[in-house]
Amino acid sequence: MGRKTLSTLFALALAIGSVATAGPAAAAGGTITANGWYEGEEIYYLLPLTGGVEEGVTQRGENDLYLIGGDRAFQGNVAEFIPGEAGYSPHWNVNVVHTAPGKTLADVLASPYASAHYPEALFDDAESILAAQAAGLVTIDRPGVVVLCPVVTERAAEAPGNTPLSEQFPAFPSTF
């Protein structure tokens with residue numbers, strides 16, 4: 001297994017562990033909520049207490065979720081589709097985005113694919129991630145993990161009893 005594959009699996013394990021130990025609201029029956037990005041807009045989704053990982057499922061449908069450097073490592077995850085669009089499902093095929101060999105954060109920032117929301121989000125839509133991959137700036141690992149995380153309104157995400165994951169992220173390193 002390569003370094004990035006191991007770091008991907010480690011990041012997913014950490015995410016699942018952090019969700020499983022999220023605190024009193026989760027223990028009392030509340031739901032964990034997280035922010036993410038879709039076409040330049042912030043979205044919200046629910047995380048089951050299991051972390052949403054679907055055991056024994058390696059791909060489902062066409063709906064992809066992009067983890068930039070790992071699950072919520074440096075920003076909210078990026079969704080390909082949202083409710084109401086063809087292709088949307090609450091079941092997400094996990095994809096982990098890394099800088100390509102020989103490329104750096106500065107290379108991505110100098111490209112037309114970086115988000116106007118940087119440093120809050122380096123990427124804020126799936127199309128830009130795929131274009132950055134085509135341009136050789138990033139690679140995308142597909143670890144064969146599917147998560148169940150339905151998209152909800154901000155109001156639903158902030159409902160009493162829910163526990164939001166932090167929207168504060170560390171700065172991006174030169175490579176991720």
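Quantities reported herein were computed from a predicted structural model and do not represent experimental measurements.
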Are [X] and [Y] linked, directly or through other ILVMFWY residues, by side chains that come within less than 4.5 angstrom of each other?
X	Y	value
Val152	Val78	no
Val57	Val96	no
Tyr118	Ile129	yes

Testing the basics here: between [X] and [Y], what is the closest heavy-atom pair and its distance to 0.1 Å?
X	Y	answer
Phe169	Gly76	CZ-N, 3.5 Å
Ala126	Ala79	CB-O, 4.3 Å
Leu165	Ala34	CD1-CB, 4.0 Å

Can any side-chain N or O of [X] pair as donor or acceptor with the backbone N or O of [Y] at less than 3.5 Å?
X	Y	answer
Thr99	Phe176	yes
Asn93	Asn63	yes
Arg72	Leu67	no
Asn35	Tyr44	no
Tyr113	Glu127	no

* Asked: Pairs in or reaching into residues 53-74: which pass ring-ring contact (aromatic ring centres under 6.0 Å, His included), with residues at least two apart or in two chains?
  -> Phe74-Phe172
When rounded to the nearest 0.5 angstrom, what is the spacing between [atom1] in [X] and [atom2] in [Y]?
X	Y	atom1	atom2	answer
Cys149	Leu65	SG	CG	7.0 Å
Gln75	Asp124	CD	CG	8.0 Å
Ile32	Leu46	CD1	CG	10.0 Å
Ile68	His98	CD1	NE2	10.0 Å
Leu47	Asn162	CG	CG	10.5 Å
Ser89	Phe81	OG	CZ	11.0 Å

State, with a plain yes or no, whether a side-chain heavy atom of [X] is found less than 4.5 Å away from one of [Y].
X	Y	answer
Val108	Leu122	yes
Leu130	Ile140	yes
Pro150	Tyr88	yes
Val147	Val94	yes

* Structure fact -> For residues 60-70, the salt bridge (charged side-chain N to carboxylate O under 4.0 Å, His left out) pairs (sequence neighbours left out) are Glu54-Arg60
* Asked: Does CD in Glu41 sit with more than 12 non-hydrogen atoms of other residues, nucleotides or ligands closer than 6.0 Å?
  -> no
* **CA sep, side-chain torsions, deciding dist, call: Phe123, Ser115, side chain to side chain contact (heavy atoms under 4.5 Å, CB included)** => CA-CA 5 Å; Phe123 292 108; Ser115 170; 5.6 Å; no
* Asked: Do the side-chain N and O atoms of Asp71 and Asn77 include a donor-acceptor pair separated by under 3.5 angstrom?
  -> yes
* For the residue pair Tyr38 and Glu85, confirm or rule out a side-chain donor-acceptor distance under 3.5 Å. => yes
* **Derivation and outcome, side chain to side chain contact (heavy atoms under 4.5 Å, CB included), residues Asn95 and Asp141** => CA-CA 6 Å; Asn95 299 273; Asp141 293 332; over 6 Å; no
